[in-house]
There are 2 protein chains.
Amino acid sequence: MARPGSKRGSGPAGSGAAETRAALIQGAIDALRDTGYAGASAREIARRAGCNQALIFYHFGSVDGLLLAALDEVSAVRLAKYQASVQRSGSSLTELVKTARSVFDEDLDRGYVAVLVAMIAGAQSSPALGAEVAARLAPWREFAAESLQPFLGGAPLAGMIRGEEVAHAIVALYLGLEMLASLDGDRAAALALFDRARRAASLLDLLGAGSSVREQR
Amino acid sequence: MARPGSKRGSGPAGSGAAETRAALIQGAIDALRDTGYAGASAREIARRAGCNQALIFYHFGSVDGLLLAALDEVSAVRLAKYQASVQRSGSSLTELVKTARSVFDEDLDRGYVAVLVAMIAGAQSSPALGAEVAARLAPWREFAAESLQPFLGGAPLAGMIRGEEVAHAIVALYLGLEMLASLDGDRAAALALFDRARRAASLLDLLGAGSSVREQR
DNA sequence: GTCTATACTTGGATAGAC
DNA sequence: GTCTATCCAAGTATAGAC
């Protein structure tokens, strides 16, 4: 079952074109997480991927092209996981917050949100990159809005808040918490906030228990 | 009143050492705001300051040294203004939120928070820089906690929230809103949030009107 | 204190051998 | 598809003239 067209395997494990692409993308994710956009150079990424710097340009055209592919990868993986987790958490706001907490925790471990933050920050250096990053952030924003929507329809707070506004705030808060956690090297403050939110949520769940929380219209 | 030691004035207006330092700091602020940490190179900053690239190393030792001086400048200027504004806004939460909104608006215009965001993001590239940035962020966090403290003591929500937690969330939210606004090139979503918060605050002000909102102990 | 000139390093990108 | 070699642009930093 040896793959054709691969003469030797000094690079990434497996050494087909797909494996090389995957290794480069993972190298880009690691570099963005550990050193930010400024440190995510072609040579640094290739070093982490264990292959040659020229391959970045062969497979992705440019460094920014690779970084955007890395962002795509992160977005796809995380969005799928988030959606599954949120669905599993059912219709209770308390459960949603608990899910958000564990997801945040895993994000910090894997550096997924760090990648997003680094790319948003790096996007300042070119308008074209900014547009690409914005397009990739859009699904996250929609997802936040959709996850919150069931709880805003007939909840006790109805009329006081609008879905997109809350979603915008949640996304901003998520990004900001990641920045502070990475700066401090300490996620305790962020996790404490999630715990506090969970308690507030359980209160809201109680208040809305008999009312129309689960109603559609 | 000609200053000694300055032979000619092709650089910044005035052309004393202090003027040059100020021009470089302003150039660094502009570069960080417009192009992020990755784009804030010695040559780019010097171009914006209208003077020579070598002067950065003469006056500040390194590019990072200048960027930190720029962050110092921003921190000092903004903190002074914030404190004055918050004191002027008195003891009503509604007024505090209104103040926060106008301050946020001005920050986006001048790019002050953009500088902070860029430096936090850029700090990923070196642990030493991270420590310096963290130290400069500390006063902002303390200020947020102090501003909120009068409203958390005996407010209706007392016991549900702790000051440092809220302050942490506010700072994170502020940073995140700045990131999203700069990415979108549109601050409307953020401003709408401030308006929503103001309405919520006026509700809280009403609820706490007769109670111990202003009590010290 | 400020400039020019320059040394040196790193980064993006391509050509061509294999 | 991958590697070596290389070009060129841009970056940090310093030396030395003025």
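Residue numbering restarts at 1 for every chain, and letters A, B, ... go by the order of the sequence lines. Just so it is clear, the values below take in all heavy atoms, side chains as well, and ignore hydrogens, waters and symmetry mates.
D109(B) places a side-chain heavy atom less than 4.5 Å from the side chain of R187(B). Counting heavy atoms from C-beta outward, K98(A) and R101(A) have side chains that stay 4.5 Å or more apart. The side-chain heavy atoms of W140(B) and L137(B), taken from C-beta on, include a pair separated by under 4.5 Å.
As rounded to whole Å, 19 Å separates atom P of dG11(C) from atom CZ of F60(A). Atom CG of N52(B) and atom C1' of dA17(D) are 13 Å apart (whole Å). Look at CD on E44(A): it is 15 Å from C1' on dG12(C), rounded to the nearest Å. Rounded to whole angstrom, the span from the CG atom of D64(B) across to the C1' atom of dA13(D) amounts to 13 Å. Straight-line distance from the CD1 atom of I56(A) to the P atom of dG1(D): 16 Å, rounded to whole Å. Summarising the geometry, the separation between CG on L66(B) and C1' on dA13(D) is reported as 14 Å, rounded to the nearest angstrom. Between the CD atom of E19(A) and the C1' atom of dT2(D) there is a distance of 14 Å, rounded to whole Å. Whole-Å rounding puts the R47(A) CZ to dT10(C) P distance at 13 Å.
OP1 or OP2 of dT2(C) lies within a sub-4.0 Å distance of a side-chain N or O belonging to T20(B).
In the set dA13(D), dC3(D), dA13(C), the nucleotide with an atom closest to the side chain of F57(B) is dA13(D). Of the candidates dC3(C), dG1(C), dG1(D), the closest approach to any side-chain atom of A17(B) belongs to dG1(C). The side chain of S62(B) sits closest to dA13(D) out of dT2(C), dA13(D), dT12(D). Taking only side-chain atoms of Y58(A), from C-beta outward, the nucleotide of dG11(D), dA13(D), dT2(D) with the closest atom is dT2(D).
In this structure, R43(A) and H59(A) both approach DNA chain D, and ranking their closest nucleotides by distance from the 5' end singles out H59(A).
Remark: R141(A) CZ is packed, more than 12 non-hydrogen atoms of other residues, nucleotides or ligands lying under 6.0 Å away.
The ring pair (Phe, Tyr, Trp, His ring centres under 6.0 Å) check on F104(A) picks up Y174(A), F194(A), with sequence neighbours excluded.
Using a 4.0 Å heavy-atom cutoff across all strands shown, A54(B) reaches at least one base atom of the nucleic acid. If you check every strand for non-hydrogen atoms under 4.0 Å, Q53(A) touches a base.
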